[in-house]
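Input: a single structure, listed below in structure tokens.
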Amino acid sequence: MRAFRLALVDLLSACLAAALLSAHAARAAECETADPSLAGHYYLSGVMETGSELLLRPDGRFDYMLAYGALDELASGCWSRKGDMVTLTVTKFQTSMDDPMKFDRMELAVTPRGGLSRRFEGGRTGVYSRPRGGR
């Protein structure tokens, strides 16, 4: 199980790096500066067999990736905060297969500890959190 997790982390890091390069190479939209207190690199927890990362940039751009079984998602676009909600608006979305979870817009609730809560189909909830001491 530990070997699987390490392999998943390596895969997620490679996918996020590819998404970041792609996002920089082709900025599809200009984004407004977002709340700097939420800018940073987040990792999803609380959803079995799913790996996901979210990078919120202070300039209002985001990069996202998710891996669940054979499904891989990469997205980029603009993010904003209104109250206790963060909205991701997608300008580019790539997937490895027909994707029932594909989204153009996603809303995440800001948690009291500064994480971002995401509700999945079937009522499952996961939280994107920054590593301790990280941004």
Side-chain angles (χ1 to χ4, degrees):
M1 185 65 164
R2 181 163 171 75
F4 171 77
R5 287 184 182 168
L6 291 174
L8 181 60
V9 168
D10 288 344
L11 173 65
L12 296 176
S13 295
C15 289
L16 185 59
L20 294 175
L21 289 174
S22 174
H24 287 299
R27 282 176 66 176
E30 292 298 320
C31 304
E32 293 183 23
T33 300
D35 181 350
S37 71
L38 290 178
H41 197 155
Y42 293 78
Y43 300 89
L44 181 68
S45 62
V47 183
M48 286 184 63
E49 300 178 4
T50 303
S52 183
E53 296 183 32
L54 176 63
L55 179 62
L56 300 180
R57 299 178 184 281
D59 65 3
R61 292 181 295 133
F62 79 87
D63 293 300
Y64 157 92
M65 68 78 49
L66 178 135
Y68 176 72
L71 173 67
D72 295 320
E73 296 178 338
L74 297 174
S76 59
C78 299
W79 72 278
S80 61
R81 178 182 187 172
K82 186 170 186 177
D84 286 338
M85 296 301 292
V86 168
T87 302
L88 307 179
T89 305
V90 175
T91 57
K92 184 176 182 181
F93 194 98
Q94 297 174 290
T95 184
S96 62
M97 60 193 304
D98 186 33
D99 187 353
M101 298 189 314
K102 183 176 180 180
F103 60 92
D104 295 320
R105 177 184 165 116
M106 179 192 302
E107 292 192 339
L108 305 167
V110 179
T111 68
R113 293 185 168 185
L116 302 171
S117 179
R118 177 179 180 184
R119 183 167 298 277
F120 290 86
E121 290 181 18
R124 296 174 298 160
T125 301
V127 176
Y128 287 94
S129 302
R130 292 181 275 198
R132 290 184 184 204
R135 283 203 50 105

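Residue numbers start at 1 and run along the sequence shown.
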### Query
Looking at residues at least two apart in the chain, or sitting in another chain, which of them share a side chain to side chain contact (heavy atoms under 4.5 Å, CB included) with Met97?
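Ala70, Leu71.
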Which atom of [X] lies closest to which atom of [Y], heavy atoms considered:
| X | Y | answer |
| --- | --- | --- |
| Leu88 | Trp79 | CD2-CB, 3.7 Å |
| Cys31 | Gly77 | SG-O, 3.9 Å |
| Tyr128 | Ser52 | OH-OG, 2.6 Å |
| Thr125 | Ser117 | CG2-OG, 3.2 Å |

### Full working for side chain to side chain contact (heavy atoms under 4.5 Å, CB included) between Val110 and Leu116
CA-CA 5 Å; Val110 179; Leu116 302 171; 4.0 Å; yes
### Task
Kindly check if the number of other-residue, nucleotide or ligand heavy atoms within 6.0 Å of CZ (Phe93) is above 12?
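Yes, enclosed.
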Going from [atom1] on [X] to [atom2] on [Y], what distance comes out if it is rounded to the nearest 0.5 angstrom?
| X | Y | atom1 | atom2 | result |
| --- | --- | --- | --- | --- |
| Arg130 | Leu54 | CZ | CG | 10.5 Å |
| Leu55 | Ser76 | CG | OG | 11.0 Å |
| Arg61 | Leu56 | CZ | CG | 12.0 Å |
| Leu108 | Arg118 | CG | CZ | 7.5 Å |
| Glu53 | Leu66 | CD | CG | 10.5 Å |
| Thr95 | Asp72 | OG1 | CG | 7.5 Å |

### Query
Same cluster for Val90 and Leu44 if Ile/Leu/Val/Met/Phe/Trp/Tyr side chains link at under 4.5 Å?
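Per the 4.5 Å side-chain linkage, Val90 and Leu44 are co-clustered.
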### Backbone of Met85 reached by a side-chain donor or acceptor of Arg81 within 3.5 Å
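Checked: no pair found.
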### Query
Between Phe103 and Tyr64, is the ring centre distance below 6.0 Å?
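Yes, they do, as the ring centres are separated by less than 6.0 Å.
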### Message
Applying side chain to side chain contact (heavy atoms under 4.5 Å, CB included) to Phe62 and Thr89, what does each step give before you reach the verdict?
### Response
CA-CA 9 Å; Phe62 79 87; Thr89 305; 5.7 Å; no
### Task
Take Asp63 and Arg57, measure what side chain to side chain contact (heavy atoms under 4.5 Å, CB included) needs, and give me the verdict at the end.
CA-CA 8 Å; Asp63 293 300; Arg57 299 178 184 281; 3.2 Å; yes
### Task
Please lay out, stage by stage, how Arg124 and Val47 fare under the test side chain to side chain contact (heavy atoms under 4.5 Å, CB included).
CA-CA 7 Å; Arg124 296 174 298 160; Val47 183; 3.8 Å; yes
